[in-house]
Amino acid sequence: MSFTAVYEPAPEGGFTCWVEEIPAAISEGETIEEAESNLMEALKLVLECQRELSDQTRSPGSLKRSLELAAA
């Protein structure tokens, strides 16, 4: 599975970027390469935070399994 990154030129220079499929994953950078690296870190943090929130709110009887998405 892949995600779609959007890189928007910022008025002050550099780029603002986000992942279309994961709206909370937002970052910026002076170059596309820096923005992409920062965006990857932001995406990892968002997913990690979502997992932690899920762990805190899941009922004791819930089942947790990995899910792999094949390319469409």
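In this chain, residues are counted from 1 in sequence order.
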_For Thr31, give me all partners under side-chain contact (heavy atoms from CB on, under 4.5 Å), at least two apart in sequence or on another chain._
Glu33, Glu34
Show me the donor-acceptor pairs within less than 3.5 Å that the side chains of residues 4-22 make with the rest of the protein, sequence neighbours left out.
from, atom 1, to, atom 2, distance (Å)
Thr4, OG1, Glu21, OE2, 2.9
Tyr7, OH, Glu36, OE2, 3.3
Glu21, OE1, Thr4, N, 2.8
Glu21, OE2, Thr4, N, 3.3

*Tell me whether Val46 is reachable from Phe3 by hopping between hydrophobic residues (I, L, V, M, F, W, Y) whose side-chain heavy atoms are closer than 4.5 Å.*
yes
*Which distance, rounded to the nearest 0.5 Å, do you find between the OG of Ser62 and the CG of Asp55?*
9.0 Å
*Got a salt bridge between Arg51 and Glu48, using NZ or NE/NH1/NH2 to carboxylate O under 4.0 Å?*
no
_Would you compute the distance between atom CG of Leu43 and atom CG of Leu47 and round it to the nearest 0.5 angstrom?_
4.5 Å
*Is it true that a side-chain atom of Asn38 and a backbone atom of Ser27 form a donor plus acceptor pair closer than 3.5 Å?*
no
_Reported CD-to-OG distance for the pair Gln56 and Ser54, which is rounded to 0.5 angstrom_ = 9.5 Å
*Side chain to side chain, Arg65 and Leu67, heavy atoms closer than 4.5 Å*: no
*Please answer whether the main-chain N or O of Leu53 pairs with a side-chain N or O of Thr57 as donor and acceptor at a distance below 3.5 Å.*
yes
